[in-house]
Amino acid sequence: MKKRIVIINGKGGVGKDTLCDVIAKKYIVKNVSSITPIKEIARIGGWQGGKENKDRKFLADLKNLFVEYNDLPFVYLKKEMESFLQAKEEILFVHIREIEEIKKFLQYANQKNVTCTTLLITRQEENNKIYGNLADDMVERYAYDLVYKNDMPLEKVEKDFMMFFEKNVLK
């Protein structure tokens, strides 16, 4: 199988990780996020792993500082992509919130002749939620290749998302 990279995005609570887990039931998946190195630093600074708006804003602001300072999130993602390309995994899910960071990663992947698909996950009950930080509140402003509406119960969404993924991403 040809390796696939999917930049996945969506507001908090729409089921991104759950849907990645669905694909991992059939394919060898690697799941990475641009916020991972920021969370590690935030824990050293006292962040307890919360997901409240205050926590989300703190992480988004800290990430922006590192983007400006040394581009840590992008450096981390480049390393993870290079590792993926040499490993046995078939699908790499890359979680990136910010539009400019998505564009930067796509440009890097194109330079490496690696095709990426951008995928937005939505859920009706989360569509109007406001988090108070640009990273979360602007996710729908990018022109994604694909949009998946995750509005079904889990027992139905597993089959539906697998079919959607195989038809649209693995085509």
Side-chain angles (χ1 to χ4, degrees), residues 3-21 23-24 27-123 126 129-148 169:
K3 289 182 176 271
R4 308 294 177 149
I5 297 178
V6 178
I7 298 172
I8 188 167
N9 205 354
K11 291 188 175 190
V14 298
K16 297 177 297 293
D17 286 322
T18 300
L19 295 175
C20 292
D21 291 345
I23 300 304
Y27 299 96
I28 305 170
V29 168
K30 182 174 187 172
N31 201 8
V32 300
S33 174
S34 63
I35 199 71
T36 297
I38 306 308
K39 285 182 175 179
E40 290 174 20
I41 293 164
R43 280 189 186 90
I44 294 167
W47 176 66
Q48 300 292 313
K51 293 189 174 192
E52 301 298 318
N53 286 356
K54 174 180 146 182
D55 300 298
R56 297 177 82 83
K57 182 172 181 354
F58 170 65
L59 292 174
D61 290 349
L62 188 57
K63 182 178 179 184
N64 286 335
L65 288 172
F66 272 98
V67 166
E68 289 176 23
Y69 181 68
N70 63 5
D71 220 2
L72 176 62
F74 180 61
V75 170
Y76 170 77
L77 290 179
K78 288 193 313 186
K79 184 183 86 172
E80 291 296 319
M81 185 182 94
E82 295 298 332
S83 170
F84 165 76
L85 293 174
Q86 302 303 315
K88 65 179 181 177
E89 291 99 355
E90 301 166 303
I91 299 163
L92 175 65
F93 284 106
V94 182
H95 297 252
I96 308 175
R97 293 263 199 242
E98 304 83 359
I99 293 169
E100 291 307 313
E101 295 300 299
I102 293 170
K103 290 177 182 177
K104 190 187 312 179
F105 186 83
L106 285 171
Q107 182 179 15
Y108 179 73
N110 285 337
Q111 290 171 353
K112 297 286 187 176
N113 292 320
V114 176
T115 303
C116 294
T117 302
T118 57
L119 171 62
L120 176 68
I121 307 299
T122 64
R123 180 179 284 162
E126 305 295 332
K129 210 174 208 180
I130 304 294
Y131 292 95
N133 71 78
L134 294 178
D136 286 307
D137 293 338
M138 304 292 267
V139 296
E140 294 176 347
R141 298 218 176 161
Y142 183 79
Y144 296 89
D145 299 316
L146 301 168
V147 176
Y148 182 77
V169 177

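Note that the structure is predicted; figures quoted are calculated from it, not measured. Note that the numbering runs from 1 along the sequence shown for the chain.
- In terms of heavy atoms, Ala109 sits closest to Cys116 at CB-SG, 3.5 Å.
- Other residues, nucleotides and ligands place no more than 12 heavy atoms under 6.0 Å from the CG atom of Leu134.
- Only one option out of Lys57, Lys11, Lys51 pairs with Tyr131 in a side-chain contact (heavy atoms from CB on, under 4.5 Å); it is Lys11.
- Proximity of Pro73 to Val67: side-chain heavy atoms (C-beta onward) are separated by under 4.5 Å at one or more points.
- Interatomic distance, OG1 of Thr115 versus CG of Leu106, reported as 10.5 Å (0.5 Å rounding).
- Atom-to-atom distance recorded for Glu90:CD and Arg4:CZ is 10.5 Å, nearest 0.5 angstrom.
- Below 30°, between 30° and 60°, or above 60°: for Tyr142 and Tyr144 the angle between ring planes is above 60°, a perpendicular geometry.
- Evaluated for a side-chain contact (heavy atoms from CB on, under 4.5 Å) with Asn9, the options Ile99, Ile96, Ile102 yield exactly one hit, Ile102.
- Between Tyr108 and Leu77, the closest side-chain pair of non-hydrogen atoms is not below 4.5 Å.
- Leu146 contributes atom CG, which lies 6.0 Å from atom OG1 of Thr117 (distance to the nearest 0.5 angstrom).
- The main-chain N or O of Ile38 is never found under 3.5 Å from a side-chain atom of Lys63 such that the two would form a donor-acceptor pair.
- With hydrogens and angles ignored, the 3.5 Å screen pairs a side-chain donor or acceptor of Lys3 with a backbone N or O of Glu89.
- Pairing each heavy atom of Glu98 with each of Ala135, the nearest pair is OE2-CB, 3.5 Å.
- Nearest heavy-atom pair across Arg123 and Val14 is NH2-O, 3.4 Å.
- Under 4.0 Å is where a charged nitrogen must lie from a carboxylate oxygen, and between Glu82 and Lys79 no such pair does.
- Smallest separation of non-hydrogen atoms from Thr118 and Ala143: OG1-O, 4.3 Å.
- Of the inter-residue distances, the one linking Tyr148 atom OH with Thr122 atom OG1 reads 9.5 Å to the nearest 0.5 angstrom.
- Residue-environment remark: CD (Gln111) exceeds the threshold of 12 foreign heavy atoms within 6.0 Å.
- Taking every heavy atom of both residues into account, Gly12 and Arg97 meet most closely at N-NH2, 4.0 Å.
- With contacts defined as side-chain heavy-atom distances shorter than 4.5 Å, the pair Val169/Ile91 does not qualify.
- Nearest heavy atom pair, residue Cys20 against residue His95, reads SG-NE2, 3.9 Å.
- No cation-pi contact links Lys30 to Phe84, judged by a cut-off of 6.0 Å to the six-membered ring centre and 45° from its axis.
- Taking CG of Leu65 as the start and CG of Asn70 as the end, the distance is 10.5 Å to the nearest 0.5 Å.
- Here the NZ atom belonging to Lys104 is positioned 3.5 Å from the CD atom belonging to Glu101, to the nearest 0.5 angstrom.
- A salt bridge is absent between Glu40 and Arg43; no separation between the charged side-chain nitrogens and carboxylate oxygens falls under 4.0 Å.
- For the pair Trp47 and Asp55, the minimum side-chain heavy-atom distance is below 4.5 Å.
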